[in-house]
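Order of the sequence lines sets the chain letters (A, B, ...), proteins ahead of strands, with each chain counted from 1. These numbers come from the heavy atoms of this one structure, side chains and all, not from hydrogens, waters or symmetry mates. All values derive from a computational prediction rather than experimental measurement.
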Amino acid sequence: MKNRLLGKLAAAPLIFVLLTAGAATPSPKEIIARSLEVDPFGLGGASVTAHLVLKDKAGTVRQLAFTGRSLRHDPPFSKSLVRFTAPADLAGAGFLQVQNRGGDDERYLFLPELKRSRRISGSLRASSFMGTDFSFADLDRRDFREGDATAKPDEDIGKFPCYRVDVAPKRSDSPYSKIETWIRKDNNLPLKLQMYDRSKVLVKTFSVQEVRRIEGEWFATKSRMTDHAQTHTTDLVLDAVTPLKGAADDEFTVRNLEKM
Amino acid sequence: MASYIRAIIRWRWPALLLLLASLAVALYSARTLRARFQFTDFYTYPSNKALPLYVADNEEFGDPAGYVIAMIEADEVFQPRVLEFVSRLTNALAPEPSFKRIISLTNTSAIRAHGDEVMSGPLLPELPKTAAELAEVRQFALHSPLLLRRLISSDSKTTAVLAQMRTPAVLATIDQQSAAIDTLTRVLAQNPPPAGVHVRVTGAPRVEVQTTHALTTDQLVLTPAIIALLVVMLYVTFRSFHGVMLALAAVTTATVWTAGIFALFGRPADMISSIVPTTILVYGVVDPIFVLTRVLQKLDAGRAKQAAISEAFSELALPCVLTSVTTATGFAAFATAAVPAVRYFGITVAIGVMLAWVTTYTLLPVLLAFAPVPKRRLQSSRLGRVIDRALYSTWSMLRGRSQLAVIISIVLFGFGAAFAATQRISNHYVGSLPRGQTRNDVDLLQKRLTGVIRLVVHFEGPEDSMKRPEVLRAIAQIDRAAEADPLVTVSLSLADVVAEANQAFNNGDVAERKIPNSPTLIGQYLSLVDRADRAELASDDYARSRIAILVDDQGGNPTLRLARDLQRHIDEAGLGALGVKAELTGNGIVAYPELDRIVVELLWGFVFALLAIVLLQAALFRSLRLALISVIPNLLPVIACFSVTRLFAIDLRIDTCLVLCVSVGGLFNTTIHYSARVLQRIAEGERDPDEILLHSLRAVGPPSLFTAVVLSAGFTVLTLSSFYGLQVLGLLSMITLLTGFVSDMVVTTAFLRATFDWDAALSRVSQPALPRVSTHMSPPS
């Protein structure tokens, strides 16, 4: 009897180790779910001032700048209103996006020259966001929510240990067949993404160059999207970003979009 | 020469082994030879000034027609089952690594009005389910300049799935293009169309792959055919097995050597060089025919075998080397051509002709030493007697009328030259395709959807200049002018994109399909356009842009006419005042002038070759007059040839124009043999010009006739080619070479009798000597 008790006591640390180890290694789906809680671009419940630097293979550089406010209205779905401030011909143009759990996202574009907004229907997911290397699919992150996740051996990005998870998008409107992700273990921020097209050719790489923790939330304040097919890059720099708590739902309306 | 021949006969075994070893080396080298027809081969060379812009434009914006196309035909494309098939095929092709992008009605992007909304993104994010939805999409597609005739025919009975090659088609190899076509064909087999829907695999890559395939097939037909023909011709000439084999062995060895050397240049066997084997085989057989004939004549005259060989080779050494050098010089004249295809053709055939002479003077005496003496004699054949009688009759007819014959010849020359000078030069890209399914498919593609010839108006200005309303309006003006031309199937520009967006943001009002006045609004519209679509028409910084024009290929002249019209519209658009430079490029602009230039280079090459041959004759015969005498008799057949092309409205193209290349040596061969024989007869002591001419005519006539028949029949084999141009070339060569023989026998004889300085030539020979060879100079019985 005593021996049996001693045996149980001896086994206890092993069981503890196994249980905690199980808890420390989340499933790929959990890793993705945690990653989706993070708002790397400041478009899921934040106020942001940002600029984008576009560079083509000839070295030509163009810049876009915008301010944005966003609200998580049905986590992880959000509403966001972005207004461009540069270049001059885009200044004043606004973009309202409302993500919906069940149906398609709603998108409205306000062009100041026309003095009214237009609802933009149709699937834009594969299209580039205002001519940048980010597609709407990259920004809405639906492929992560709805795709199949597969764990890969962990890797480090720089000094940061990362989970490696491959996501196979399931949506027919996804431009990708596979997205390889490197998700930082300590804050669930995706540090690197590699996107493969339907031909299984690597088409784009997203990499984070600077992260900041602001008011307890992590943001990718400097990141780069590289389009390998067109030898083109877009740097996204969040010049100022703060979590936006308590924003009013009616802030994200067409009427508000049309206010210059 | 006699001692050389005796030596080579003595050392025949080592000589034979050496020749066989060289043959093996040449065969090994020739294993890398590949047939290839690519437009790019004709215009890609460093000194081509049009090339940098063309390459830069293609690298920046892509090849506007670089697609393998699945052309889908149905009663009506806008039916659920057809669109479902288009979607299925598009999705099945998307993962294929051969393709960078698949574009079809079911995934192409568009900006259009939808009630009060603007629809952006794929034209058909989901397949339409109702008749109303189908009608709405159909209505939009048939009125969108970005879709009409690119993806949908104007009667909506044909649509296309465009598979853009990962390597731009204009820069891709034939293997890459072939692999892309195979991929599309395989995917199509896995995804069969529904009943009543027909699919054709076509597009610009198909033209080059199929033409390359036909070039290879041609070689598999033409080479055995020419060898078979030579066997027949040689047998008719010599009536002996070894007479056939000796000549054939010499000429095939020269051809294999040439193939081995050509392989070292690293050039493909293209449309021009595809006739090299035929040319070498046909030309290479000329010298062996002359030599073997002379050997038989010597044997007829009672010489012993070795003496007959030695004397025949010695006597013909000068005319043979002269004809070979002149023929080679004729081809070598093309070495100055800027276009590599022409240059390497000229160099290769020149080398080949000289190698044929080498084999005649190495392999042939060796084989003659091994071979038994033929039992049958040339002059004893009935054919020989008939020819001799005809030649004698010719002389009888000319005797005393030589001056009249000269005058008639000059008059004919003048009229013929004036008539032939109106000849038109026009090449044809699609027209180079052999008749058959592929050609029909490409013709249908051009008729219903898009052309395969690309014209591009390339614009360059300061940053953001392409977004300026006045610049876009000027682009739209040129674009409209292009679209109005019946030759243009599709014309796409940034102006189309902006105008379509403006219409979409103005509730689809057709009147609003125009460039708005506000530069900021244009910028805002363009920011909505997918970057992959925009990248085909404008650079990131909007400093450069293009109008991509796809043209129904009616040949070089109509395309260049369109180019001239476009240039006029460009000049009228006033872009220069806006700080924007506009230039025409595209493969239609770069290639067609180059192809025409090749024709012009071939014409000039012929002129240089003619001059070179005349000078060479003057140097070797030491008589400028004798050299000049050969000009008109040898130009008359060329004029006869061009008169035929003019009469039957056959355009001069790179293939038909090769008649000059293949004829130049053959025409002068007989003249040179004739002149050499005349001088030889004078040297032998004959004093009567009439007797000298009669003797020379009857001595040179039979082998010259055989040569002319062999050459013309040899080139007539080209009528078996699958290419129309080569078929015409075969017939033109036959006409030219046979006319050349007649011209030599009649006009050269007349010119020699009437214009040669007989007194001076005869006075140079101090003492009459007996003829060395007694041939039958008495009137034929």
Assess whether atom NZ of B:Lys100 is packed by more than 12 heavy atoms of other residues, nucleotides or ligands within 6.0 Å. no

Side chain, backbone, both or neither: which part of B:Asn502 has an atom under 4.5 Å from a heavy atom of chain A? neither

For the atom pair CG (B:Asp530) and CZ (A:Phe136), what is the distance rounded to the nearest 0.5 Å? 9.5 Å

Residues that B:Ser109 engages under side-chain hydrogen bond (donor to acceptor under 3.5 Å, both in side chains), provided they are two or more places apart: none

For the student: nearest non-hydrogen atoms of B:Ser527 and A:Leu90, plus distance: OG-CD2, 3.5 Å

CD on B:Glu59 to NZ on A:Lys57, rounded to 0.5 Å: 7.0 Å

What part of A:Thr60 gets closer than 4.5 Å to chain B, counting heavy atoms only: side chain, backbone, both or neither? side chain

Measure distances from A:Leu64 to the heavy atoms of chain B and classify the residue's part below 4.5 Å as side chain, backbone, both or neither. neither

Bottom line for B:Ala535: the part with an atom under 4.5 Å from chain A's heavy atoms is side chain

In this structure, CG of A:Asp197 is separated from CZ of B:Arg101 (nearest 0.5 Å) by 12.0 Å

Sequence neighbours left out, what passes side-chain hydrogen bond (donor to acceptor under 3.5 Å, both in side chains) with B:Asp541? Give chain and number order. B:Ser539

Using modelled atom types only, decide if a donor and an acceptor are shared between the side chain of A:Arg62 and the backbone of B:Asp540 within a distance under 3.5 Å. yes

Using every non-hydrogen atom in the two residues, find where A:Asp89 and B:Gln524 come nearest and quote the distance to one decimal. O-NE2, 2.8 Å

Is A:Ser117 in contact with chain B via its backbone, its side chain, both, or neither, using a 4.5 Å heavy-atom distance? neither

Other residues, nucleotides, ligands: >12 heavy atoms within 6.0 Å of A:Glu251 CD: yes

Evaluate side chain to side chain contact (heavy atoms under 4.5 Å, CB included) for B:Arg166 paired with A:Val201, printing each intermediate quantity in order. CA-CA 11 Å; B:Arg166 200 161 284 281; A:Val201 173; 3.7 Å; yes

With chain B as the partner, which of A:Ala229, A:Ala93, A:Gly131, A:Pro87 has the greatest number of non-hydrogen pairs under 4.5 Å? A:Gly131

Which atoms of B:Glu96 approach chain A - backbone, side chain, both or neither, heavy atom under 4.5 Å: backbone

If you apply the rule side chain to side chain contact (heavy atoms under 4.5 Å, CB included), what do you find for B:Leu528 with A:Leu109, and how did you get there? CA-CA 10 Å; B:Leu528 287 176; A:Leu109 182 73; 3.2 Å; yes

Keeping the roles fixed (side chain from A:Arg118, backbone from B:Phe505), state whether a donor-acceptor pair exists under 3.5 Å. yes

